[in-house]
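Written below as structure tokens is the structure these notes are about.
In listed order, ligands and their atoms are each counted from 1. Please read all numbers here as calculations on a predicted model, not as lab measurements.
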Amino acid sequence: MYPPSHAESATSHSQARKPTLAAKLVLAPVNRYYFDHNATTPVTAEVLEAMLPAFTQNFGNASSIHHFGQAARQHLDTARKQVADMLGASPDEIVFTSGGTESDNLAILGASAGGHLLTTTIEHPAVLQTAGRLAGWSCVNVGATGVVDPDDIRRALKPNTSLISVMHANNELGTIQPIEEIVKLGIPVHSDGVQALGKIPVNVRDLGVALYSISGHKIGAPKGIGALYVRKGAKLNARQFGGRHERERRAGTENVPGAIALARAMQSHFETEHLRDRLEQAVLKSIPDTHVNAAGSPRIPNTTNIRFDGIDSDALLIALDLKGFAVSSGAACSSGAPEPSHVLLAIGLTREQARSSIRFSLGRGNTIEQVDALVEALAASVAHLRKLSPAYV
Ligand code: PLP
């Protein structure tokens, strides 16, 4: 549970004059529950504890020759080895970056080597927008399952396809993509593993990928740290130039506290499947005309995307937020945009259906009690909004 919002100022304020309805809504003490862990996560206590000394004591520049620099280098090397071990890689295959977006950019721009890039319609904008900068690229669609068919990928290959980029787990639906099968096509594969890490086992050797992107802030490390796995021998051109950091693959003074945090965060895991299943079952049972998008597909255990017929997802999101529940009506970066989610359109939902879907993503700190309270709030909010909705009869 997150701390209640501060309502103390309401007391003195209300003594002076009666609070307006808006002020009551804003100032009423609300317990806040976070169901948006695919957007970002709080830094965990153990991660914070592990990284703090690197700000104040071991603060050296890892490239400096003196004691401070060497101490920082040692911590960086240890973190790199831990990250590598947990991914099934070797340390020199890990390039630390600022996060998932940079890892995806580096992989696609740095490894497509002037050839054609093949990707899917459900990728994160960090992949799709980057692909759009290439001279040659195309997308394979996924169908209602939210899982790409490797045969469709095979059929879409071109003689000059130099890289395939398919995410390991989708951020909106949670669907897991058949990376091992895609690798068998024999073209180097990049996988955006930002939403898979910490939720399902990830071993880059078993997957067989050439490149794999991860991000710290989705798993309890702070924003601003991520990594790209680059298989030994895979050709990668740097996209950022300066010093000879990261074996000349990514220039810039290394973020040692971030690297320590990423390594520490990767060591812990929180079970969410029972909570996700409880949420889905209770919603489907207690609220009519609800559907779990891509329900039958293999999915990461913390994510569910549910459609509430006749509801505008942003209206529901705001109603839930006023009751203290944080959820998402699409990928965080595209929230506020009037366009429905490209992922939901890609699985064949109409624009209206896509705009009536909510993503719930669970994580550390969520409890059975919170899930039950969420279901209760959902039932009340959905019933209320449907009464007002001309689209729902
Ligand atoms: N890829 C996926 C699948 C994501 O979900 C996200 C973040 O939402 C990113 C990439 C971008 O990662 P970052 O926020 O670390 O840049």
Problem set entry | Shortest non-hydrogen separation from Arg239 to Gly110 and the atoms involved | CD-N, 4.0 Å

Problem set entry | Glu93/Arg247 ion pair, N-O < 4.0 Å | no

Seminar exercise, completed: Min over Glu123, His217, His124 of heavy-atom distance to atom 9 (C) of ligand 1 lands on His124

Exercise. Can you check whether Gly100 has an N/O within less than 3.5 Å of an N/O in ligand 1?
Worked result: yes

For this session: Please identify which atoms of ligand 1 are closer than 4.0 Å to at least one heavy atom of Gly99.
Result: 15 (O)

Exercise. What atoms of ligand 1 come closer than 4.0 angstrom to any heavy atom of Asp104?
Worked result: 1 (N), 10 (C)

Problem set entry | Ring centre gap for Tyr33 and Phe325 strictly below 6.0 Å | yes

Exercise. Testing Val343, Ile306, Leu349 for side chain to side chain contact (heavy atoms under 4.5 Å, CB included) with Asn293, which one passes?
Worked result: Leu349

For this session: List every atom of ligand 1 that sits less than 4.0 Å from any heavy atom of Thr101, numbering the atoms from 1 in the order shown and giving each element.
Result: 11 (C), 12 (O), 13 (P), 16 (O)

Problem set entry | Under 4.0 Å to a heavy atom of Asn171 - the qualifying atoms of ligand 1, by number | 3 (C), 5 (O)

Problem set entry | Sub-4.0 Å atoms of ligand 1 with respect to non-hydrogen atoms of Met167 | 3 (C)

Seminar exercise, completed: Sorted by chain and residue number, the ring pair (Phe, Tyr, Trp, His ring centres under 6.0 Å) partners of Phe308 (sequence neighbours excluded) come out as none

Problem set entry | Heavy-atom gap Lys218 to ligand 1 smaller than 4.0 Å | yes

Problem set entry | Atoms of ligand 1, numbered as shown, that sit under 4.0 Å from any heavy atom of Gln195 | 3 (C), 4 (C), 5 (O)

Problem set entry | NZ/NE/NH1/NH2 to OD/OE distance under 4.0 Å, Lys81 and Asp92 | no

Problem set entry | Salt-bridge contact Asp372-Arg278 (side-chain N to carboxylate O under 4.0 Å) | yes

Problem set entry | Residue Ser215 vicinity, atoms of ligand 1 by number, heavy atom under 4.0 Å | 13 (P), 15 (O)

Report, one line per pair, each donor and acceptor closer than 3.5 Å where one atom sits in a side chain of residues 46-54; sequence neighbours left out.
none

Exercise. Under 4.0 Å from ligand 1, counting heavy atoms only, is it the side chain of Thr40, its backbone, both or neither?
Worked result: neither

